[in-house]
**Q** 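Below are the structure tokens for one structure; questions will follow.
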Amino acid sequence: MKIHKYEKAFLLLSGVILVIFLGASFYAALGMGIMLPSRDGEIDVRQVRTTPPFDNPGVREVAPGVYEVVVIGQAWSFLPQEIRVPAGAEVTFIATSADVLHGFNIEGTRVNVMLIPGQISKVTHRFEKRGEHLLICHEYCGLGHHMMSGKVIVE
Amino acid sequence: MSTLTAARSAAPGKDTTSAGGFDLPPSQKALIRWNLYLGFSALAFGVVHGLAQALSYGGIDILGWFPGLKNYYQGLTIHGVFNAIVLTFAFANGFLALTTARGLGRKLHDGLLHAAFWTLAAGIALASYAMFTGKASVLYTFYAPLQAHWSYYLGLALLVVSTWITSVNLFITLKAWRKEHPGERIPLLAFVSVATYIMWDIASLGIAAEVVGLLLPWSLGLVSGSDPLLSRTLFWFSGHPIVYFWLLPAYVSWYLMIPKQVGGRLFSDPVTRVVFSLFVLLSIPVGFHHQYTDPGITQSMKVIHAILTFGVFFPSLITAFSVVSALEDGGKARGGRGLVGWFFKLPWGDPSVAAQVLAMLTFVLGGITGLINASFTVNRVVHNTSWVPGHFHMTVGSAVVMTFMGIAYWMVPWLKGRKLWGGKLAVVQSWVYFIGVMALARGLISAGLEGAPRRTFLAGATYGKDTWQLAGYWSAAGGTLMFIGAMLFFLILLMTVLTGKKGEVAEIPVTTTIQPAARAGWELRLDQFRWVVILALILIAIAYVPFLVEYLPAKLTVPAFKIF
């Protein structure tokens, strides 16, 4: 197949750009530790409220400076609605849905994960600055979807 | 392979498809025309609620203006299904049937043309019943365990079946042509049209398995529960390649028709065949990039899909070169000089050209934002925010739909035997829609970066941020302009059909190529689609089998919710 030299140069440049972009993503994942959610456990959606740790939603310190936040997404609220965590601590959110799909997005941060009935979502984050963030359900979950939000307060 | 090595190809500079003066029997032209009418009627319904959505981003609630509308999400479902599924399927079924027939210089199969049309119409009727009665406000992604009425799932399934029937029509038309032209290369126009349907035939198997295997029996009460992660995964198996099924008909026009319309030529026949073959190969094994933030799928599988997603961007970059070079060829033939002077010499007064060149401009930004979505780390910032509808209004909501409008400006006159009504108004229409969609996207993109959620009735939300407000005004203003642009389009279409001057209409525009098809070597195998299909199936297996082996059997344990 004959390819014109301009076209060849363009294709080469395209390939190089794509490889650089992909390389940057890999660097962010491996070098900076920005990871995606993975297989973090399954749960029977009919038993969410009686299955640990979801039988006791809330914030707890599991080691000095290390926190675990257990959250249930349900139509149309988060449980708990208000989450208080200290600045600088390593916080792991463990969340699931008690009914339909929900979203779990703490705006202004990288904490952005889906809540899928039957699956447990985990995401770890360090809040560097004090302040208040909206916790937003960003997946359509029925009639009251636009009323489903919470707060994360960094103290 | 002896017949292949004896292949001939048309001389360079010649129309590589059949001779001019092509025509179809009136009954076939009527059916193709009705496909367009159905598709654009659906769009007319869909954009009305689109206006309500754009205004909602600006904090303005006009839902009360819609008699019988139960809530925002009922309208949002209709917007998605009518615009993104009905319009695109109806248009592809009509347009690519015509381009295949034109490419091969022969008519289509009558019975299958009828069957595809009536199946599509039945699908629209069933899905409409469910949506308009409020029994299916589950959006066009219909994620379980939100459960719609069975007629919704059956209606959507029939829409897919109509594309399969169209495929069979294209395949048997091609087969009949091959019999009469042993050893010849498939005319390029027919090649790209058939390749588009082959890609979609494989891609649609995911959604077919989801609807027929999981959702339809569940909505009929035959199985007790749903498996949300599995049905979501099957949905996205088809859900990403479906955007190429929207886009490739536009590419068919950009590659093979627009060059002729601007007085230029397509640069390379061989490269065009490779590009469409790459889309068959790479469109499908990329679905997990819609599920980067999903639990239950391993990180390594997501990364494999990320790499392949960057791969499928490559044929679009080749397209950028080919299409721009054809435009430059045309602009220079029309007296354009210099590095960019040719661009302004394009026939901007031709509404079909104006609409499609503007569509290409929006697609530059659509492509870039798509690459950002595909970057698995950056995706965490934009996933499910209004950034995402911002992205796809610069792809399907502009590049695709404006190209469809541009095609309609010559295709409806050709099919109907009437001249286009209001040519100048049609040019204005393209600009109004173009400016509108850019403003809308400006709003959605920036609000998304500030965390505003997508598919959310923000005008009625119990929360919000100050930074969403200015962005919301951009969206509201842009959406209003888009609405006006769309209404002008429907007016022009309607007036053309009803009152356009009868008489001679222009032929179907088909370009010549500077570099002709290869006459020997490995490229001949591209015409036998089976090789690329086998490779595609291997890639799909690599991309999906590890997840399925780990995950299956399906866990049908989640009960149904009808909370809409």
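Computed over heavy atoms, backbone and side chain alike; hydrogens, waters and symmetry mates excluded. Chain letters run A, B, ... following the sequence lines, proteins first, then strands; residues in each count from 1.
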**Q** Which residue pairs satisfy the salt bridge (charged side-chain N to carboxylate O under 4.0 Å, His left out) criterion with at least one member in residues 95-119 of chain A, sequence neighbours excluded?
**A** A:Glu107-B:Lys465
**Q** List in chain and number order the residues that pass ring pair (Phe, Tyr, Trp, His ring centres under 6.0 Å) with B:Tyr463, two or more places apart in sequence or in another chain; answer none if no residue qualifies.
**A**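 Ring pair (Phe, Tyr, Trp, His ring centres under 6.0 Å) list for B:Tyr463, sorted by chain: empty.
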**Q** Counting heavy-atom pairs closer than 4.5 Å to chain B, which one of A:Val100, A:Ile34, A:Thr96 comes out on top?
**A**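 Counting heavy-atom pairs under 4.5 Å, the top option is A:Val100.
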**Q** Looking at B:Arg455 and A:Glu139, is any side-chain nitrogen of the basic one under 4.0 Å from a carboxylate oxygen of the acidic one?
**A** yes
**Q** Below 6.0 angstrom between ring centroids: does that apply to B:Phe310 and B:Phe376?
**A**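 No, too far apart.
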**Q** Tell me, out of A:Leu22, A:Ile136, A:Val45, A:Leu143, who's got the most heavy-atom pairs with chain B below 4.5 Å.
**A**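 Of A:Leu22, A:Ile136, A:Val45, A:Leu143, A:Leu22 has the most heavy-atom pairs under 4.5 Å with chain B.
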**Q** Which atoms of B:Ala459 come close to chain A, meaning under 4.5 Å heavy atom to heavy atom: side chain ones, backbone ones, both, or neither?
**A**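 For B:Ala459, there is no contact with chain A at all, as no heavy atom is under 4.5 Å.
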**Q** Side chain, backbone, both or neither: which part of B:Tyr143 has a non-hydrogen atom closer than 4.5 Å to chain A?
**A**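 B:Tyr143 touches chain A through side-chain heavy atoms alone.
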**Q** Quick one: which of A:Cys137, A:Pro37, A:Gly142 has the most heavy-atom pairs under 4.5 Å with chain B, could you say?
**A**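 Option with the top pair count is A:Pro37.
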**Q** Chain A heavy atoms under 4.5 Å from B:Leu76: which part of the residue, side chain, backbone, both or neither?
**A**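 Neither the backbone nor the side chain of B:Leu76 comes within 4.5 Å of chain A.
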**Q** Against chain A, label B:Thr385 side chain, backbone, both or neither, depending on which of its atoms sit under 4.5 Å from a heavy atom there.
**A** side chain
**Q** Stepwise, does the salt bridge (charged side-chain N to carboxylate O under 4.0 Å, His left out) test hold for A:Arg49 with A:Asp55?
**A** CA-CA 5 Å; A:Arg49 286 183 189 82; A:Asp55 54 346; over 6 Å; no
**Q** Counting the benzene-type ring for Trp, do A:His146 and B:Tyr73 have ring centres under 6.0 Å apart?
**A**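 Ring-ring flag for A:His146/B:Tyr73: true, centres closer than 6.0 Å.
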**Q** With ring centroids as reference points, do B:His383 and B:Tyr292 lie under 6.0 angstrom apart?
**A**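 Judged by ring-centre distance (under 6.0 Å), B:His383 and B:Tyr292 do not meet the cut-off.
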**Q** Under a 4.5 Å heavy-atom cutoff, which of A:Asp40, A:Leu134, A:Thr109, A:Leu13 has the most pairs with chain B?
**A**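 Heavy-atom pairs under 4.5 Å are most numerous for A:Leu134.
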**Q** So which of A:Gln119, A:Glu42, A:Lys122, A:Arg46 has the biggest tally of heavy-atom pairs under 4.5 Å with chain B?
**A**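 Sorted descending by pairs with chain B, the first entry is A:Gln119.
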